[in-house]
Amino acid sequence: MSRLLDQDVAARVLARALANGGRFAEIFAERRQGQSLAIDERRIESVQAGAEEGAGVRVVEGNTTYFAHVDGLDPADLERAADEAAAALRGKRREPQQLQGREATPLPIERRPEDVPAAQKAEMLRELDERARAQGDGIAQLMASYAEARREVAIANSEGLFTGDDRTRTRIGVQAVARRGDAVETGAETLGAHRGYELLEDDPGQIAEQAAAKALTLLDAVAAPSGSMPVVVGGGFGGVLFHEMTGHGLEADHVQKGASVYIGKLGESVAEPLLNAYDDGRLDGEWGSDAIDDEGQPTQKTQVIEDGRLTSYLYDHLTAERDGVASTGNGRRESFRHLPIPRMTNTYIAPGDATPEEMIAEVPRGFYAVSFGGGQVDPATGDFVFGVSEGYLIEGGKVTSPCRGATLIGNCLDALAAIDAVGDDFFMKTGICGKGGQKVPVGTGQGHVRLRTLTVGGTER
Amino acid sequence: VSDLSAIAQRAVEVATAAGASDAEAYVSRDSGRTVRVHGGEVESLTAAVQSGVGIRAWVGHRVGYAYGTDFSEAGVAAIAARAAEAAAVADEDEFAAPPQPSEFEALPGLSDPSVGEWEAARVADLAIAVERTALESDPRLVAVEMAVYADSDEQVAIASSAGVAGEYETSSCYAYLQALAEGEGARETGFGFGLARGPRGLDPEAIGAEGAQRALEMIGAGKPASRSCPVVLDETVAASFVGLIGGGLSARAVQRGRSPLAGRLEEEIASELFVLHDDGRALEGPSSAPFDAEGVPCRRTPLIEGGRLRSYLYDTYSANREGVASTGSAARQGYRSLPSVSASNLIVAPGSHSREQLLAAAGDGVYVNDVAGLHSGVNPVTGVFSVGASGRIIRDGELAEPVREFTIAGELVAMLGAVSAAGAEPRWVPFGGSVSTPPLLITEMAISGS
């Protein structure tokens, strides 16, 4: 089943975890290895490699989870974690169910990054540097980074589940600084996937050119407007808007603790009928995809909004148990040192039938947010913010001046209901999502999306 | 010599044997626990020890890094070999050289025995008391989304072929909550927190009361009108901005043209009322240690005084580039990361104004007590920012109705110039690094609301 965890050892450790009672016990074993390097000031630097292995054991009794993690995967290490997790329980021994191996098929990796010589990765970064600088003399600084990470995981629990996964992610990022006189601007782009080095065999240099072009364009930027106006959001990473304003509020832990504006809204209309949205952990090669979640549940495609109606929350094992439903395969954790919680995988608004040109042409005065640096939401109040990394004014149905320093701000339910057009130009982008001190890779996606009105927080009237 | 120091010494020897001309090993062991409570019950209890080693290898003027958790002889040898291999991939950099050893003074008091003495049940009770205080404060305080207690006791050892050798132990703990209040048809959130070296230093009632008060005072919040006006930043918000200034003072960012403070040394950049130091030995500061992440002694560095920019923050590499001395500002996020430049404890000198006097001086404006979206709404290279905010209207020099869903926007360096008063009472805040600051009055900021 797994080269990380022997079935007999797993059974023994689970029994030990339940020595003082508990209705559920689980072992999450993991080996992580990775390599990263960067180019900055035309020099290859920050070359590093790491390898860690360890396991987390949890025991659940009543509403309480007891969790311990250890470095190392020797049977003695696992037993130590089990004893530690069980130490605070005072009940009677329970017997775990017999383990049944369930084969999961990891996502295919064509070219293992660890088989590619580091020197080749360095050459790739040098090409990114050249391609970005070739965009114009205004490019004053260029930093590009490469990272690969492999996570082999094995999961066994007291309900008899025994499974595993082998995940490899590859990602590059580019940040360009452009300078003209006193004006300084930045542009950033990333490319990442749950794939191997084949991701970078196409033309990674495009990413560098895009980052540089962004920074150069912004040199002519005016200060961003402030106030409420129609907003058109670009495709791809624009999907972070849906991730923040809806996705987080659908995570069942927020819902169950009264900290979501989507409580009691299942089945209700929350958006125009043109809106359909999904969380899909099975998308081929996407950044947020895995074969199974971090509790061993196969990932799935979950429709969260169907024709404007809210159709599902996102569950992990414990929150699903509490609501009497099945896990949606959204139990994720940063590493063996973390407890799983409900998290998004790849979240996206399905393509509509408008073209970006039409959507913009209908706006007399508004704001065009092509891309974001990221966003943040308070799921309990629904207040969200997004930092715009590339934005323009829309005047008379046309895209005009680039703007610097814009943030979009609003409230989830209002903003979701304000989406009045969805574009047909769908694509996905990569993100790193933080929640409860844990970072996990997530995909976001959409075509262009228009909101009737949203607050743009700049400095100009 | 402790076992960690012995591991570090051995790692250095193995790395030089593997072809490194110089090597440094950083070893840490962290035992920690986290208790989350909800509804008067423990929701999760985590206990763990984690340890690892990071090896930095120099091959001539090339640097490589590798880390791992395997302390066996073969394990450390494999890490050392990978570090040397990594160095071969890096480009030559004439300023890359191992830090030289220097004497450092021990810093007693970093570790509080109560971290080890308080059993899990006792710290769980502390978190439950945080939650209970909030829930019992007011009927409109309807729930606590989470109340958390966490602590850690960390041992660090460092050794290098250049002769650096040192170790220390430090403990820390914190508790926080997110409280939910309901009224006028909406839910509001409020956070409260406290930090100390050990659980006996935390006041659960004060933490719970802060979360409750922050949530309750937001009931009925509306959107303020867009305008430019005086703004009072409370300690937590001021700390976030000071943390960003600290990032811009890193010599690494400055030398690479990625700081709004680049090229401004000795220039007038701030109001005389804004005085900033970095102090790696301030005992109350969570980031204090006898030496930094590459073994250089921590110290106090004046950064902004008399309105002028006095110094940047340097690690050994960035100091070598300018022919100056390191300010002991190398930092890492544990054994997994190469050292980089970062502030230790940033300390803003308190001023003379009580909170009431700050509000009175503002006259009509906005009191901001929470910001959101700092990681995406601030450009650290240019200093231009626009972030989500919430707080209270200031009318006739007093706090009035709550406001939320608006942005405050401006430019970091210009904001330093616009500080027109500093509060008299500073607070340690763990946001944006480790910062001690009083509330600050900013003469004018752009507010975007309705």
Side-chain angles (χ1 to χ4, degrees), chain A residues 37 40-41 43-54 63-72 84 88 118-119 122 140-141 177 184-186 224 226-228 257-259 337 339 372-376 378 380-381 383 385-387 404-407 409-411 455-459 461, chain B residues 38 41-52 63-69 82 85-87 89-91 93 120 142-143 145-146 178 180 186-189 226 256-258 336 338 372-373 375-379 381-382 384-388 390 404-407 409-410 446 448-450:
Chain A
L37 53 153
D40 195 2
E41 300 184 304
R43 251 195 316 268
I44 297 293
E45 60 173 30
S46 303
V47 185
Q48 52 187 313
E52 298 177 280
E53 55 181 37
N63 291 323
T64 306
T65 298
Y66 302 90
F67 180 59
H69 58 83
V70 290
D71 295 321
E84 182 97 35
Q141 294 285 341
V177 179
V184 184
E185 294 295 344
T186 57
S226 58
S228 299
K257 288 181 174 173
R337 299 191 175 105
L339 277 168
F372 297 100
Q376 190 178 334
D378 180 343
T381 62
D383 286 350
V385 286
F386 300 94
R404 75 170 58 92
T407 284
I409 183 158
N411 194 269
T455 301
V456 180
T459 52
R461 273 307 93 76
Chain B
H38 184 67
E41 278 187 289
V42 174
E43 179 183 274
S44 67
L45 169 65
T46 299
V49 178
Q50 54 177 307
S51 51
V63 194
Y65 193 75
Y67 66 87
T69 48
R82 280 202 302 274
E85 279 165 31
V89 179
D91 284 332
D93 185 334
V142 292
E145 185 183 359
M146 65 176 112
Q178 174 93 335
L180 302 175
R187 286 211 151 176
E188 308 295 345
T189 57
S226 298
R256 294 170 187 230
R258 286 195 283 265
R336 289 178 206 88
L338 263 167
H375 64 292
S376 65
V378 182
N379 186 327
V381 175
T382 63
V384 172
F385 69 85
S386 171
V387 298
S390 57
R404 70 171 208 217
E405 211 188 316
F406 65 97
T407 59
S448 181
S450 59

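Below, read A as the first sequence line, B as the second, and so on, with proteins coming before strands; counting in each chain starts at 1. Note: hydrogens, waters and symmetry copies are ignored here, and every other heavy atom, side chains too, is used.
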**Message:** If we define contacts as heavy-atom pairs under 4.5 Å, which of Ala47(B), Ala409(B), Gly410(B) has the most with chain A?
**Reply:** Ala47(B)

**Asked** What part of Ala186(B) lies closer than 4.5 angstrom to a heavy atom of chain A: side chain, backbone, both or neither?
**Response** neither

**Pick from Glu41(B), Arg336(B), Gln178(B), Arg82(B) with the largest number of heavy-atom pairs that fall under 4.5 Å of chain A** = Arg336(B)

**Message:** Below 4.5 Å, heavy-atom pairs only: which of Ser228(A), Gly227(A), Gly375(A) has the largest tally toward chain B?
**Reply:** Gly375(A)

**Message:** Ignoring hydrogens, what is the shortest heavy-atom contact between Lys257(A) and Glu145(B)? Give both atom names and the distance.
**Reply:** CD-O, 3.2 Å

**Item:** Closest contact, heavy atoms only, Ile409(A) versus Glu405(B)
**Value:** CD1-C, 3.6 Å

**Message:** I want to check something: taking the side chain as every heavy atom from C-beta on, are Leu338(B) and Gln48(A) in contact at a cut-off of under 4.5 Å?
**Reply:** yes

**Request:** List the atom of Ala380(A), the atom of Arg187(B), and the distance in Å for their closest heavy-atom pair.
**Result:** O-CB, 3.9 Å

**Item:** Under 4.5 Å from any heavy atom of chain A - which part of Ala120(B)
**Value:** neither

**Item:** Beyond-backbone contact of Val184(A) with Val381(B), side-chain heavy atoms, under 4.5 angstrom
**Value:** yes

**Asked** Can you name the closest pair of heavy atoms from Val456(A) and Ser448(B) and give their distance?
**Response** O-OG, 3.0 Å

**Message:** Looking at Asp71(A) and Ser51(B), would you say the former's side chain and the latter's main chain have a donor-acceptor pair under 3.5 Å?
**Reply:** yes

**Request:** Under 4.5 Å, counting heavy-atom pairs only, tell me which of Gly410(A), Gly54(A), Ala406(A) racks up the most with chain B.
**Result:** Gly410(A)

**Request:** Quick one: pull up CG in Leu45(B) and OG1 in Thr64(A) and give me the separation to the nearest 0.5 Å.
**Result:** 9.0 Å

**Closest non-hydrogen atom pair between Thr381(A) and Arg404(B), with its separation** = O-NH2, 3.9 Å

**Message:** Heavy-atom pairs under 4.5 Å with chain B: which of Glu52(A), Arg404(A), Glu84(A) has the most?
**Reply:** Glu52(A)

**Message:** Looking at Arg258(B) and Asp40(A), is any side-chain nitrogen of the basic one under 4.0 Å from a carboxylate oxygen of the acidic one?
**Reply:** yes

**Complete:** One should read off an interatomic distance between Asp378(A) CG and Thr189(B) OG1, to the nearest 0.5 angstrom, of 3.5 Å

**Asked** With respect to chain A, which residue among Val142(B), Val378(B), Val42(B) yields the maximal number of heavy-atom pairs within a distance under 4.5 Å?
**Response** Val42(B)

**Closest contact, heavy atoms only, Val89(B) versus Ala122(A)** = CG1-CB, 4.1 Å

**Item:** Side chain, backbone, both or neither of Val387(B) within contact of chain A (heavy atoms, under 4.5 Å)
**Value:** backbone

**Asked** Roughly how far, to the nearest 0.5 Å, is CG of Asp93(B) from CD1 of Ile44(A)?
**Response** 12.5 Å

**Prompt:** Taking atom types as modelled, is there a side-chain donor on Thr407(A) or Ser386(B) under 3.5 Å from an acceptor on the other?
**Reply:** yes

**Item:** Contacting moiety of Tyr66(A), where chain B heavy atoms sit under 4.5 Å
**Value:** both

**Prompt:** Taking every heavy-atom pair that is under 4.5 Å apart, which of Ala66(B), Ala143(B), Ser450(B) has the most such pairs with chain A?
**Reply:** Ala66(B)

**Prompt:** Under a 4.5 Å heavy-atom cutoff, which of Gly373(B), Gly68(B), Ala87(B) has the most pairs with chain A?
**Reply:** Gly373(B)

**Message:** I'd like to check Glu85(B) versus Val47(A) (side-chain heavy atoms, cut-off strictly below 4.5 Å). Are they in contact?
**Reply:** no

**Fill in**
Note: vs chain B, highest number of non-hydrogen pairs under 4.5 angstrom among Gly72(A), Ala88(A), Ala259(A) is Ala259(A)

**Message:** Under a plain distance cut-off of 3.5 Å, with no hydrogens placed, do Arg337(A) and Gln50(B) share a side-chain donor-acceptor pair?
**Reply:** yes

**Item:** Separation of Ser390(B) OG from Asp383(A) CG (nearest 0.5 Å)
**Value:** 7.5 Å

**Message:** Tell me which of these, Val63(B), Asn379(B), Thr69(B), has more heavy-atom pairs under 4.5 Å with chain A than the rest.
**Reply:** Thr69(B)

**Item:** Check against side chain to side chain contact (heavy atoms under 4.5 Å, CB included), Thr46(B) and His69(A)
**Value:** CA-CA 8 Å; Thr46(B) 299; His69(A) 58 83; 4.2 Å; yes

**Request:** Calculate, to the nearest 0.5 Å, the distance between atoms CD and CG belonging to Glu45(A) and Asp91(B) respectively.
**Result:** 9.0 Å

**Asked** Among Gly405(A), Ser46(A), Ala51(A), Gly373(A), who wins on heavy-atom pairs under 4.5 Å with chain B?
**Response** Ala51(A)

